There are 2 protein chains.
Amino acid sequence: MIRLLADPLRARIINRLAEGPACTCHLVDETGAKQPNVSGHLRLLRRAGLVAIEPRGRFTYYRLLPDAIETTAAQLFELAGRARATAESRRAC
Amino acid sequence: MIRLLADPLRARIINRLAEGPACTCHLVDETGAKQPNVSGHLRLLRRAGLVAIEPRGRFTYYRLLPDAIETTAAQLFELAGRARATAESRRAC
DNA sequence: GGTATACATCATGGTGTGCTGATATCAGAG
DNA sequence: CTCTGATATCAGCACACCATGATGTATACC
């Protein structure tokens with residue numbers, strides 16, 4: 001899940017989708033990447049439930065789903081909280 | 001930065017360090033990975049400022065730094081917030 | 001001193017994964 | 001119906017990156 005956010009092009013796509021829904025041609029234009037590449041990444045994001053698909057005639061609009069992202073953000077916060085709580089419980093070798 | 005959290009073994013190391021500081025031998029034992037592998041990942045995490053190093057004699061203790069993780073968690077929350085705010089600003093082709 | 005243990009570094013190899021070009025599909029315009 | 005443009009899928013390639021074994025360094029214990 002985090003792995004999906006780790007790729008540079010996917011990160012650009014996600015950042016763009018955070019500014020509002022867009023169709024594939026928008027993403028191709030604005031990222032400068034080739035269309036099959038963008039399409040492939042969008043497929044991964046869709047299968048992971050990170051984006052929703054809305055076909056409109058010839059065009060396919062993608063929308064970023066905030067819930068999935070907030071879930072992983074919350075997991076990271078919880079991780080940081082655990083680290084703070086256990087900062088002094090050093091275990092002996 | 002997110003990329004560092006994406007690797008499976010690094011994720012296990014980080015999760016372990018969230019339960020308290022540990023030295024390399026602990027991490028090698030508890031992850032089952034080979035020592036040079038663990039050591040290499042720890043180097044990356046250290047260079048990125050995700051963990052702090054505390055040498056104690058022969059042993060080297062590593063401690064997870066919560067600030068870096070919280071920073072990226074906050075970025076993800078902000079991303080989700082932007083997605084919510086712009087959910088209806090669909091741009092025409 | 002010598003030995004053993006913890007750890008780091010290096011060179012090598014294998015594999016996952018992203019990128020590309022070609023092709024298929026499908027909707028709309030004419 | 002035909003043609004064009006938008007998108008999806010597939011096969012092949014290339015590169016990055018993780019894992020491993022060997023080796024080096026340093027500290028503690030005898």
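The model shown is predicted, which means the values in this text are computed figures rather than measured ones. Every chain is numbered from 1, with letters handed out A, B, ... down the list of sequences.
- Listed by chain and residue number, E54(A) satisfy the salt bridge (Lys or Arg N to Asp or Glu O under 4.0 Å) test with R63(A) (two or more places apart in sequence, or in another chain).
- Judged by distance alone, with hydrogens and angles left aside, the side-chain atoms of T60(A) form no donor-acceptor pair with the main-chain N or O of I53(A) at under 3.5 Å.
- Where DNA chain D meets chain A (any atom under 4.0 Å from a heavy atom), the bounding nucleotides read 5' to 3' are dG5(D) to dT9(D).
- Taking atom CZ of R43(B) as the reference point, atom C1' of dA6(C) lies 17 Å away to the nearest angstrom.
- Scanning both residues, G20(A) and S89(B), for their nearest heavy atoms gives CA-OG, 3.9 Å.
- T24(A) and Y62(A) get closest at one heavy-atom pair: OG1-CE1, 3.6 Å.
- Between Q75(B) and M1(B) there is no side-chain heavy-atom pair separated by less than 4.5 Å.
- For the ring pair (Phe, Tyr, Trp, His ring centres under 6.0 Å) test, residues two or more places apart in sequence or in another chain that qualify with F77(B) are F77(A).
- Hydrophobic cluster membership of F59(A), counting Ile, Leu, Val, Met, Phe, Trp and Tyr whose side-chain heavy atoms lie under 4.5 Å apart directly or via other members: Y61(A).
- When the side chains of ILVMFWY residues are joined at heavy-atom separations under 4.5 Å, either directly or via intervening members, L5(A) and L5(B) end up in a single hydrophobic cluster.
- For the residue pair A33(B) and V28(B), the shortest heavy atom distance occurs at O-CG1, 3.4 Å.
- For Q35(B) against dA8(C), a side-chain N or O and a base N or O form a donor-acceptor pair under 3.5 Å.
- Proximity of residues 56-63 of chain A to DNA chain C (heavy atom under 4.0 angstrom from any strand atom) is restricted to G57(A), R58(A).
- Contacts with DNA chain D (heavy atom under 4.0 Å) in residues 1-16 of chain B: R3(B), D7(B), L9(B), R10(B), listed by number.
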Less than 3.5 Å apart, which donor and acceptor atoms pair up between the side chains of residues 39-48 of chain B and the rest of the protein, not counting sequence neighbours?
residue : atom : partner : partner atom : Å
H41(B)  : ND1  : R10(B)  : NH1          : 3.2
H41(B)  : NE2  : N37(B)  : OD1          : 3.3

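- A sub-4.0 Å separation between OP1 or OP2 of dT17(C) and a side-chain N or O of H41(A) is absent.
- Legend: residues meeting side chain to side chain contact (heavy atoms under 4.5 Å, CB included) with P36(B), ordered by chain and number and at least two apart, are K34(B).
- For R16(A), the salt bridge (Lys or Arg N to Asp or Glu O under 4.0 Å) partners are E30(A), not counting sequence neighbours.
- Hydrophobic clustering of Ile, Leu, Val, Met, Phe, Trp and Tyr side chains at less than 4.5 Å, counting indirect connections, keeps I14(A) apart from L65(A).
- Residues passing the salt bridge (Lys or Arg N to Asp or Glu O under 4.0 Å) test with D29(A), sequence neighbours excluded: none.
- Defining each end axis of the helix from dG1(C)-dC30(D) to dG30(C)-dC1(D) as the rotation carrying four pairs' C1' atoms onto the next four, with five pairs an end, the two axes are found to diverge by 20° to 10 degrees.
- Of the residues in residues 17-33 of chain B, those with a non-hydrogen atom less than 4.0 angstrom from any atom of DNA chain C are C23(B), T24(B), C25(B).
- Scanning all heavy atoms of the two residues, the minimum distance from C93(B) to H26(A) falls at CA-NE2, 3.7 Å.
- Of the two residues contacting DNA chain C, namely N37(B) and P36(A), the nearest-nucleotide position lying further toward the 5' end is that of N37(B).
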